[in-house]
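What follows is a short report on a single structure.
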There are 2 protein chains.
Amino acid sequence: MTAAANHHGRRTTTRTRRLERAGIRDVAAAAGVSITTVSDALNGKGRLPDETRTKVREVAERLGYRPSAAARTLRTGRSGLIGLTVTTYGQEPFTFTEFAYFAEMARAATSAALNRGYALVVLPASSRHDVWSNVALDGTVVIDPSDHDPMVADLYRQGLPVVSDGKPGNCPVTAWVDNDHHAAVLGILDHLAQAGARRIGLLTGTSTDTYTRLSTEAYLGWCRSVGQEPLYEAYPAHDPCAGAVAADRLLARPDRPDAVYGLFDPNGTDLLAAARRYHLRVPDDLLLVCCSESDVYAATEPPITTLSLKPRRIGTTVVNLLIDAIEGQSSANQSSDDESPAEENVSGQLMPTELIVRRSSQRRSPRTTVSAPRPPGET
Amino acid sequence: MTAAANHHGRRTTTRTRRLERAGIRDVAAAAGVSITTVSDALNGKGRLPDETRTKVREVAERLGYRPSAAARTLRTGRSGLIGLTVTTYGQEPFTFTEFAYFAEMARAATSAALNRGYALVVLPASSRHDVWSNVALDGTVVIDPSDHDPMVADLYRQGLPVVSDGKPGNCPVTAWVDNDHHAAVLGILDHLAQAGARRIGLLTGTSTDTYTRLSTEAYLGWCRSVGQEPLYEAYPAHDPCAGAVAADRLLARPDRPDAVYGLFDPNGTDLLAAARRYHLRVPDDLLLVCCSESDVYAATEPPITTLSLKPRRIGTTVVNLLIDAIEGQSSANQSSDDESPAEENVSGQLMPTELIVRRSSQRRSPRTTVSAPRPPGET
DNA sequence: GGATGACGGAGATACGTTTCTCCATGAGCA
DNA sequence: TGCTCATGGAGAAACGTATCTCCGTCATCC
């Protein structure tokens, strides 16, 4: 049997196998046109009279034709898939601390991707080639990449657009989005001071990610500017037990603070428990704010003021930036010719946060209010 | 230029383009072996001496070779991708009501998939060909499919394994997993009765999904068996406002219940608010239980007893069943020869729930306890 | 009346793998 | 010497699509 005969006879010889999905060839044969015509008709390309188009579409529909995503991806170089990379601790993707934030952010990202015809795949930053190589991505969102992150560098080297949630320390990304952590912390400290706080303490982390670093620096700078001695405890944020211990230590100090801001989600609960142990009334003896996306703090006694990082908005923005980069890439490749995209060119975007004021940070008026929205954009 | 010359010269002519990823051909050329040998060496197949293998691996590493997922998928028919289909309401995937459940379930599913070398893609049940056709799936998890779900039927017709979370009403699936809703509801009703409830009410939904239906039937059956007149309000579960209204209506009835079980996550908060309006003390005048995965109910006043569906376990199980089906499929195809898999063959699995007992359902002992731990094994 | 161009569509190639088939070589053995 | 086998590896055919190139056919225009 010659190669040609084999090729043309393939369908008939294998059609006996059940569940054989119809291919573009079958549609072409059934419609009495060429493969080219079918492809053009279904994709709205080429120059075809409308009657041909509708006829081909009819036949395709009748045969239940579904184009092979794999073949299309191979041919076009586009998969319509974007990755969402998370750091893992142990078996689970993303940490306990980040759970509420991540869940909201991932949901918004998924939604934003779908709105633009992309699908989102959650991938762990750790397991390298196992899964990563097996999925064709058009680009990746990276959450909180570490300094000189090897994985991000690797992705970038492959020419994949990478957008990071969290200002990247020292790794090349196409774009990034972050909250204005500096402004957020200053806002909280001012808010506490206005409520009567004299000695504001901080519960912070020992890790070197941007969020922890920027927030802590903002706190220290504020202390310098108002002449307060810094009062803080740092602990490994991924360990929930360490958080409870650190909260206790902070309130056990001889120079006990009269207000505390906790950088991580569980801090509110931990601080509340510690305050009870030391018979401190909130907010009378101790003002409390923590950074959290959880609605638990609306139901605690008293309800705790929280800083929301607005993960929905971050997720949406990050995905849209990524898709912009993916879709702008083809045209950019043709026009621009410089070898290395200038590092200063990387577009970063700062998103506002929202302070949800509840009883725990209000000594004067016990009413629950919400802070006025900031003008978006600057600082 | 002949075709052969063109083919062999391709790399050299196009190498001038930047960011050209190395292909298997380049590795073969650099290592001085054939493409076959490279493929075999990297995939651990064929019969090759170890020195050849390591040499090829070295060269591949040096060139930064990453196999094309698209090409591999096209060739092997396996993408390593599984879908997670959710029903959508409006723009967002999954409803407000299901949020905590879904977040946990999705996380566990993602984790379970990654553990077995698969990645998980969240896809909306609605937008049909837009995205669905563009991603090559090895199988799909469907959450709570409706009766005669056309999408599930379509997937199944294409020969894709489908596993559903929630016993499927009347659509063909490969397997399914569900909680034992009947037993769960009976357990709760007994628990409330033991705590002194005489007239137990139910807050239920108007939709026809399995969860709502089975739970309501269990309630009605229990009422019949103990001779209590049913007291329930049904509302469209996807509308949070309707839930608050229904909770109010239930407590406003002349034959007001002295205990209520709410089938949906926000019911606890809504019932608590309604109870306050009618000056009912919980648990003294009204016992409360609701089905929820949210930890909000540990912090309410009083803390509310909840039924957890253990979404983590469900997500893990569902994914593992799906992957079993995917990987068992190839061998099954060769041996079995029957045209239609018998419907009775579909393997279903019932998972236990967990009642987290808190103050809202305990009239006698005010201590907060947790139900006795089950025999260990899974989360 | 022949060059021109729009129209409608077919052929063939390439995307980058995996894998089936088959070949060369040399050792072992009668 | 001639035969079989195991070893190591090469060739080439798919997988199913998109798209580049090109070809015939009319109608039109100078």
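Just so it is clear, the values below take in all heavy atoms, side chains as well, and ignore hydrogens, waters and symmetry mates. Note that this is a predicted model, so its numbers are computed, not measured.
Among the protein residues, A:Ser68 comes within range of the sugar-phosphate backbone only, with heavy atoms under 4.0 Å from sugar or phosphate atoms but none that close to a base.
Atom pair A:Arg25:CZ and D:dA18:C1' shows a separation of 14 Å (rounding to whole Å applied). Rounded to whole Å, atom P of D:dG8 lies 15 Å from atom NZ of B:Lys55. Rounding to whole angstrom units, CZ of residue B:Arg72 and C1' of D:dG16 are separated by 18 Å. For the pair A:Arg78 CZ and C:dG16 P, the interatomic distance rounds to 15 Å; values are reported in whole Å. Across the protein-nucleic acid pair, A:Asp26 atom CG and D:dG16 atom P stand 9 Å apart, rounded to whole Å. Nucleotide C:dG9 holds its C1' atom 14 Å from the CD1 atom of A:Ile24, rounded to whole Å. Whole-Å rounding puts the B:Leu74 CG to D:dA14 P distance at 14 Å.
For A:Thr85, the side-chain contact (heavy atoms from CB on, under 4.5 Å) partners at least two apart in sequence or on another chain are A:Ala125, A:Trp132, A:Thr140, A:Val142, A:Met151. Evaluation of the side-chain contact (heavy atoms from CB on, under 4.5 Å) rule for A:Ile35 yields A:Ile24, A:Arg25, A:Ala28 as partners, not counting sequence neighbours. Every residue two or more places apart in sequence or in another chain was checked for a salt bridge (Lys or Arg N to Asp or Glu O under 4.0 Å) with A:Arg57, and none qualifies. Take A:Ala29 and apply the side-chain contact (heavy atoms from CB on, under 4.5 Å) test, not counting sequence neighbours, and it matches no residue. Not counting sequence neighbours, the partners of A:Ser34 by the side chain to side chain donor-acceptor pair (under 3.5 Å) test are A:Thr37. Judged as a side-chain contact (heavy atoms from CB on, under 4.5 Å), and not counting sequence neighbours, the contacts of A:Gln349 are A:Val177, A:Thr317, A:Leu321, A:Met351. With sequence neighbours left out, B:Thr73 forms a side chain to side chain donor-acceptor pair (under 3.5 Å) with no residue at all.
When the side-chain nitrogen and oxygen atoms of A:Ser39 are compared with OP1 and OP2 of D:dA18, one or more of them lie within a distance under 4.0 Å.
Listed candidates were D:dT17, D:dA18, C:dG16. Nearest to the side chain of B:Ala71 is C:dG16.
DNA chain D lies under 4.0 Å from at least one heavy atom of each of the following residues of residues 45-53 of chain A: A:Lys45.
Heavy atoms only, all atoms of each residue included: B:Asp40 and B:Arg53 are closest at O-NH1, 3.2 Å.
In this structure, A:Leu120 and A:Val319 have side chains that are in contact, with non-hydrogen atoms separated by less than 4.5 Å.
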Between protein and nucleic acid, restricted to nucleotides 10-12 of chain C and to nitrogen or oxygen atoms under 3.5 Å apart, what atom pairs and distances do you find?
{"from": "C:dA10", "atom 1": "OP2", "to": "A:Ser34", "atom 2": "N", "distance (Å)": "2.8"}
{"from": "C:dA10", "atom 1": "OP2", "to": "A:Ser34", "atom 2": "OG", "distance (Å)": "2.7"}
{"from": "C:dA10", "atom 1": "OP2", "to": "A:Thr37", "atom 2": "OG1", "distance (Å)": "2.7"}
{"from": "C:dG11", "atom 1": "N7", "to": "A:Thr36", "atom 2": "OG1", "distance (Å)": "3.4"}
{"from": "C:dG11", "atom 1": "O6", "to": "A:Thr36", "atom 2": "OG1", "distance (Å)": "2.7"}

